[in-house]
Every structure is written in structure tokens, then in C-alpha cells.
Amino acid sequence: MLFVPCCRIFEIPNFPFMASSSPTHPFSLSLDPSSSSSSTSLLNPQTQRTISRSNDFEKTQLRIPVSFRKKAANLQMMASGKQTPGLTQEATIDREDNADVFEDMKQRFLAFKKHKYMDNLEHFKKLADAQAPKFLVIACADSRVCPSAILGFQPGDAFTVRNIANLVPSYESGPTETKAALEFSVNTLKVENILIIGHSRCGGIQALMSMQDEGDSRSFIHNWVKVGKKAKESTKAVASNLHFDHQCQHCEKASINHSLERLLGYPWIEEKVRKGSLSLHGGYYDFVNCTFEKWTVDYGESRGKKEGSGIAIKNRSVW
């Protein structure tokens, strides 16, 4: 095991004479066990062992990568409170690592360009002029839940908005990017389907379930996830005796349905659903077991329900 000291271990004494075998000084400083027995060392055995360890350490140090030794030296100077050029060197190393990330990204883009874009050039030329997606997808911003990756959406297939916990605010609330996406995709792009995708182990839902009602109003997270407050209340009403993780799982699905119900509160969405030109769907991606559950809002049955009492669903399936 290599040992790198963070402080000086020894101090070699500075003797006022030089080693010599002259008649006037019949002594020599020697660490060579094969040296003449007539040469007597001025160093006591403990000091000799210390210097010997020093030589061994220097030899060992030669086998330690230079970058590691420099890093150790930088750490010593940092601990002493002194500035060191090594800090700049460390930052350079970090930037090189970051450059590697973008190099990987570059290679993925070039592969896309070669194998997808160039092979489907006519399709991408049409997309350059206009888009006509069939879907509006509202999904969570979670990095593990990428609709294009898990459902195979290709460029031009789905207009997508992602937010914390895939929530839909009420029509009466203030402006948000989600509401802007709804307006544009439904009224301008005229999508035929809205799909809200929830998922397992959602951090946004966990935040919703664990926050206090009088939580910090200065928190952006609190002010956003409270959009799902009704889903939390309905979950607590039927699953309060369950473990917190199971409560969250229940709320993950309940919040999807509450958001689907909210969509019917948008007049221009409700009108298109009523006329049959727009369908509303829910989806739940369980990335622990890699399953996907899908269902569709039954508008006819939902109309007979009291407002705020939920929606009726149909065509439920698990993939």
C-alpha cells in the first residue's frame, strides 16, 4: 500500500563537517552495510533507520503517478490555507471531463444525422416546413422518464411538455408553460390525443405527500406541486393506513386522473372531446418493473358524474 505523507516526517541533521576518510577525520557518513568496518558512522542507529526509510520513500514516490503526487501536494497547500496553481489544474481536469461528456453527445448526434436524418431526408424536410403531431404528451421532468425513449415517439410524432410530477393546473389558475402548451397544441396544431404520463418513485409526488399544508410559500417546488393537492387528499382518504411509499404510488396514479379531469375544465378541450375530435388518455410507467399502464377517459360516462368526483375510464391495458 502506497503512503503519501501530508506533513514532513523527518529532518536530516545538518552536520558541521563532511564525510571524509582523511587521517584527521577517520570517520565517514555511510549507509552502505558493505562499507569498511573501519569507517565508523556518526549517526545513531535510529537516525540511520529514518534516513533509510527516506530513501525507500523516495524510491516508492517515483512509482506514484505524477498527477497523483501533484494532487496530494495541492491538498496539503489547501489545508494550509495557501493558494496553489494546482487548483487551476484541477479545474482544467474537470473541464476536460466535461468535454468528454459533450464529445459523447457529439458522437450521438452525428450517428443520428447519419442513420436517421440522412436516411429519412424527405421526412425531415417536411418537418422543417410544418409539424402535425397526433399527440400532446404531458410527462414528468424526471430524467428516468423520457417519452421518446420508452414509447418510441419520433420527431414530429408528439408535442411534449414536461414538468415536475406531470401536473395540469386548473383552467382558472394563472398562466404556466403547461397551459400555453395545451392551448397551442389543441387549438393550433389540433392534436388528436392528450396523453398524461406518470411514473413510479416520482420525487414530485413524494414532495406533495410529505409537505405540510402551511409549507414555505417561497418554495417554487411547494407552489407547483400543491396543484396536485386534491390527489393527495383523495389518497389520504383511502390509503392513510398504508406505508408512505404505497401512499405515494397510489397518489402517482390518482394525480394523473385528477389532471385528466382538470383538462375537461378547459372549455376548448371539453368541446373537442365532446365532439369526438380529441381523446384524453392516462399512462403510468413503472420503471422498477418496466411496465406501462394505459387508459382512456370515457367522456360519456364521466359527464354523468358530479363535478370533482372523478372520471370514468375505459380501454385499460398493461404492457
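For the atom pair C202 SG and I164 CD1, the distance stands at 7.5 Å (nearest 0.5 Å). K106 contributes atom NZ, which lies 6.5 Å from atom CG of L110 (distance to the nearest 0.5 angstrom).
A salt bridge does not link K179 with E183: every distance from a Lys NZ or Arg NE/NH1/NH2 to an Asp or Glu carboxylate oxygen is 4.0 Å or more.
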(Q) E271 vs K275, test: salt bridge (charged side-chain N to carboxylate O under 4.0 Å, His left out). Steps then yes/no. (A) CA-CA 6 Å; E271 179 185 7; K275 291 181 178 179; 3.0 Å; yes
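When only modelled atom types and interatomic distance are considered, D286 and H199 share no side-chain donor-acceptor pair under 3.5 Å.
In this structure the side chain of M211 never reaches within 4.5 angstrom of the side chain of S219, judged on heavy atoms. Between H258 and S234, some side-chain heavy-atom pair lies under the 4.5 Å cut-off. Between E261 and N257, every side-chain heavy-atom pair lies at or beyond the 4.5 Å cut-off. You'll find the side chain of M209 reaches within 4.5 Å of the side chain of F244, heavy atoms only. Taking 4.5 Å as the limit, every side-chain heavy atom of N163 sits out of range of all side-chain heavy atoms of C140. By the 4.5 Å heavy-atom criterion applied to side chains, L182 and I138 are counted as neighbours. L264 places a side-chain heavy atom less than 4.5 Å from the side chain of L280. Using a 4.5 Å cut-off on side-chain heavy atoms (C-beta onward), E293 and T291 make no contact.
Members clustered with V145: F135, V137, I150, L151, F153, L195, I197, Y285, F287, V288, F292, W319, by chain and number, using a 4.5 Å side-chain heavy-atom cutoff among hydrophobic residues.
Taking every heavy atom of both residues into account, I205 and C251 meet most closely at CG2-CB, 3.8 Å. Here the closest non-hydrogen pair linking I196 and N166 is CG2-O, 3.7 Å.
The backbone N or O of R201 sits less than 3.5 Å from a side-chain atom of E252, completing a donor-acceptor pair. Using a distance-only test at 3.5 Å, with no hydrogens or angles considered, no donor-acceptor pair links the side chain of E192 to the main chain of L278.
Criterion: ILVMFWY side-chain heavy atoms under 4.5 Å apart, direct or through other members. Under it, I311 and V238 are not part of a common hydrophobic cluster. There is no path of hydrophobic side-chain contacts, each under 4.5 Å, that joins V318 to Y284.
When the shell of 6.0 Å around CD1 of I221 is examined, it contains 12 or fewer heavy atoms from other residues, nucleotides or ligands. Counting non-hydrogen atoms of other residues, nucleotides and ligands closer than 6.0 Å to NE2 of H123 gives a total above 12.
The aromatic rings of F159 and F184 sit tilted relative to each other, their planes meeting at an angle between 30° and 60°.
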